[in-house]
Amino acid sequence: MRPRTAAVLVVLLGVLLAGVGAVFLQDGGVTLSERWVSETGTDIRGNHHPVAAGRIDGEGMVYAPVSAPGGTSDCRLVGLHASNGSTRWSHAVPPANCTLHAVADPAIADPDRDGTTEVFAASTTEELLGFDAHTGAVEFRVTLSEYGYTKPVIADLTGDGRSEIAVVDVSGTLFVYAPDGSLVWERDLGGITNGAPQAGDFTGDGTLELAVGTGAGEAVLVDGDGTTVWNRSTWDEAVGWTTSGQADADPAPEFVVATTAGTVGVLDGVTGETQWRRDLGTLASVHAFGDGDGDGDPEVYAGARDSGLRAFDARTGDLEWTTTLTTEGTQMMPPPLLGDLDGDGDPELVAATNDGLVSVVDPSTGEVLATYSREQPIYTHPTLADADGDGAVEAYVIYGDGRVVALGAGTADDPSGAL
């Protein structure tokens, strides 16, 4: 990807709805425009579990985990039409279990490979549920020891040719289930777990392992049979976010952790040894990992509470650039994501800040290319998916009030980004 030419912001598209706007820049440059806002709002203003999105048998769908005030009937997982944000189905959490974490991060998969896609999500009912992606019918139900907080991992961990469903509950118990709901194994990781596990062949032996970071400051690699491959302290700092990717010349990926104390670090997948670490202040976050600038070397893109977005060389930890996305005071900054918003074959960074701002950023330079804002906070990262099948991804953002906003990239000639 060649760095975009610096230019002046040339057009303010104006207020699309109350408190909502879109900006585009340059000669026919990228726009970021609202396609729809869902009607899934609640009064809690603290929703912070991201949506899942994709095409299911040719139909675009978005799955929103919606939290609400305790004791109400508004906590639910909602299946939305990606075309307009209308509700296709909704599964309610009982009022007695309705709270801030009522439904955790959902995952879309077909682990039993029967041709029927399911959506998996843990709940404060202390269950992991699997729903028919089209109808919302419950097809999978298992009991956990606590409520689940992170996105389930669906991968062939045992090497038997089918995918297992792995989930960590908030107390740090890791469960692995077969597609029929039978327990394959479980183990205690020894600490509260908020960061999502990462599946990959971290040891390079041709089988998959799970890398997990805990609130006790441990990074643990677990083999497909539940045995520990390595266990490393992450500097006695609670892990809040994780990601993984190939940072160097060896065939095994690396495990990346971001801690609440502000550290970002890359751990060797084979040994667990720290390759590099950087201090970002406080509440560091990671998700995007890849060669965003097209120079042949991958980057780790990280955020922090100061609303600074940073690009690090994934192999060396050298800082390539940094930019501040907002000057408003924020509680935290969700991690950025990489995706091809405009369909030109080059990725963009999409980053949200706690003050309700979503920014499209050039991964080569850190230049902000377009923004969208809404007068509600954001507590988690957007989800990028080509749910409409046009070859470019859309950004689906859940705001603190539980409403999902679909954002698409367009051009100056077609700023709506709509087909």
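As the structure is a computational prediction, the values presented were derived from the model and not from experiment.
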Is it true that a side-chain atom of Arg305 and a backbone atom of Gln331 form a donor plus acceptor pair closer than 3.5 Å? yes
Arg277 charged N/C atom sitting above Trp235 aromatic ring, 6.0 Å / 45°: yes
Point-to-point distance, once rounded to the nearest 0.5 Å, from CG of Asp169 to CG of Asp188: 9.0 Å
Under 3.5 Å, is there a donor-acceptor pair linking the side chains of Thr227 and Arg187? no
Under the side chain to side chain contact (heavy atoms under 4.5 Å, CB included) criterion, do Val264 and Arg310 qualify, and how do the steps go? CA-CA 11 Å; Val264 170; Arg310 301 159 176 88; over 6 Å; no
For Ser33, does its backbone N or O pair with a side-chain atom of Thr31 as donor and acceptor, under 3.5 Å? no
Within 45° cone of Tyr399 ring axis and under 6.0 Å: Arg374 NZ or CZ: yes
Any chance the side chains of Glu209 and Thr203 put a donor and an acceptor closer than 3.5 Å? yes
Looking only at side chains, do Thr326 and Asp355 share a donor and an acceptor under 3.5 Å apart? yes
Please confirm whether the backbone N or O of Gly200 pairs with a side-chain atom of Gln198, one donor and one acceptor, at under 3.5 Å? no
Starting from the C-alpha separation in whole Å, work towards a yes-or-no answer on side chain to side chain contact (heavy atoms under 4.5 Å, CB included) for Glu320 and Asp293. CA-CA 10 Å; Glu320 297 188 355; Asp293 56 13; 3.4 Å; yes
Expected output: side-chain Glu254 to main-chain Ala247 donor-acceptor under 3.5 Å: yes
Val239 versus Thr214: any side-chain heavy-atom pair under 4.5 Å? no
Check whether any side-chain heavy atom of Leu349 lies under 4.5 Å from a side-chain heavy atom of Asp362, and answer yes or no. no
Do Leu407 and Glu394 pass the side chain to side chain contact (heavy atoms under 4.5 Å, CB included) test, and can you show the C-alpha distance, the side-chain angles, and the key distance before you say yes or no? CA-CA 6 Å; Leu407 301 173; Glu394 302 83 51; over 6 Å; no
Lys151 and Val167, any side-chain heavy atoms less than 4.5 Å apart: no
Report yes or no: does Thr383 contribute a side-chain atom to a donor-acceptor pair with the main-chain N or O of Val51 at less than 3.5 Å? yes
Do Thr158 and Glu164 pass the side-chain hydrogen bond (donor to acceptor under 3.5 Å, both in side chains) test, and can you show the C-alpha distance, the side-chain angles, and the key distance before you say yes or no? CA-CA 8 Å; Thr158 63; Glu164 287 75 40; 3.0 Å; yes
Could you check whether atom CG of Asp114 has more than 12 heavy atoms from other residues, nucleotides or ligands sitting under 6.0 Å from it? yes
Heavy-atom closest pair (Gly296 atom, Asp291 atom, distance to 0.1 Å) is N-OD2, 2.9 Å
Output the distance between atom OG (Ser123) and atom CZ (Arg76), rounded to the nearest 0.5 Å. 13.5 Å
Check whether more than 12 heavy atoms from other residues, nucleotides or ligands sit under 6.0 Å from atom CG of Asn84, and answer yes or no. yes
Taken to the nearest 0.5 Å, the spacing of Leu325 CG from Leu309 CG works out to 5.0 Å
Less than 4.0 Å between a side-chain N and a carboxylate O, is that true for Glu59 and Arg88? yes
Separation between CG of Asp223 and CG of Asp205, rounded to the nearest 0.5 Å: 6.5 Å
Pro336 vs His287 side-chain heavy atoms within contact, under 4.5 Å: no
Is there a side-chain contact between Thr125 and Tyr147 (heavy atoms, below 4.5 Å)? no
Compute whether any side-chain donor of one residue and acceptor of the other, for Thr271 and Glu273, lie under 3.5 angstrom apart. no
Side chain to side chain, Phe255 and Val266, heavy atoms closer than 4.5 Å: no
Does Leu341 reach the side chain of Val350, with side-chain heavy atoms less than 4.5 Å apart? yes
Between Asp340 (side chain) and Ala392 (backbone), is there a donor-acceptor pair under 3.5 Å? no
Do side-chain atoms of Asp105 reach the backbone of Thr150 as a donor and acceptor pair under 3.5 angstrom? no
For residues Phe140 and Phe120, establish whether the separation of their ring centroids is below 6.0 Å. yes
Candidate pair Ile165 and Leu128, rule side chain to side chain contact (heavy atoms under 4.5 Å, CB included), full reasoning: CA-CA 10 Å; Ile165 304 103; Leu128 173 64; 3.6 Å; yes
Whether the Tyr372 and Glu34 side chains hold a donor-acceptor pair (N or O, under 3.5 Å, no angle test) is what I'd like checked. yes
Please test Thr353 against Ser307 for side-chain hydrogen bond (donor to acceptor under 3.5 Å, both in side chains), starting from the C-alpha separation and ending with a verdict. CA-CA 7 Å; Thr353 47; Ser307 300; 5.7 Å; no
In this structure, OG1 of Thr316 is separated from CG of Asp313 (nearest 0.5 Å) by 3.5 Å
All heavy atoms of Gly269 vs all of Trp230, minimum pair found to be O-NE1, 2.9 Å
Any idea which heavy atoms bring Leu338 and Ala288 closest together, and the distance? N-CB, 3.8 Å
Identify which one of Asn354, Asn47, Leu100 satisfies the side-chain contact (heavy atoms from CB on, under 4.5 Å) criterion when paired with Tyr379. Asn354
Take the angle between the ring planes of His48 and His101 and call it parallel below 30°, perpendicular above 60°, tilted in between. perpendicular
Determine, using ring centers only, whether His49 and Tyr149 are less than 6.0 Å apart. yes
Ignoring hydrogens and geometry, is there a side-chain-to-backbone donor-acceptor pair from Thr263 to Asp279 under 3.5 Å? no
Identify the two heavy atoms, one from Ile378 and one from Ile398, that lie closest to each other, and give their separation to 0.1 Å. CG2-O, 4.2 Å
Check: Ser285 side chain, Met333 main-chain N or O, donor-acceptor pair, under 3.5 Å: yes
Trp185/Phe175 aromatic ring centres below 6.0 Å: no
Got a second to check how far Glu218's CD is from Thr193's OG1, nearest 0.5 Å? 11.0 Å
Which heavy atom of Pro347 sits nearest a heavy atom of Gly292, and at what distance? CG-O, 3.8 Å
Taking 4.0 angstrom as the limit, do Asp388 and Arg55 come out as a salt bridge? no
Do Tyr63 and Trp89 have side chains that get closer than 4.5 Å, going by heavy atoms? yes
Would Thr42 and Arg403 satisfy side-chain hydrogen bond (donor to acceptor under 3.5 Å, both in side chains), going step by step from the backbone distance to the final call? CA-CA 8 Å; Thr42 70; Arg403 295 185 185 273; over 6 Å; no
Side chains of Glu237 and Thr259 only: does a donor on one sit below 3.5 Å from an acceptor on the other? yes
Keeping the roles fixed (side chain from Asp156, backbone from Gly161), state whether a donor-acceptor pair exists under 3.5 Å. yes
Is a donor from one side chain sitting under 3.5 angstrom from an acceptor on the other, for Thr173 and Glu146? no
Closest heavy-atom pair and its distance - Ala302, Leu280: CB-CD2, 3.8 Å
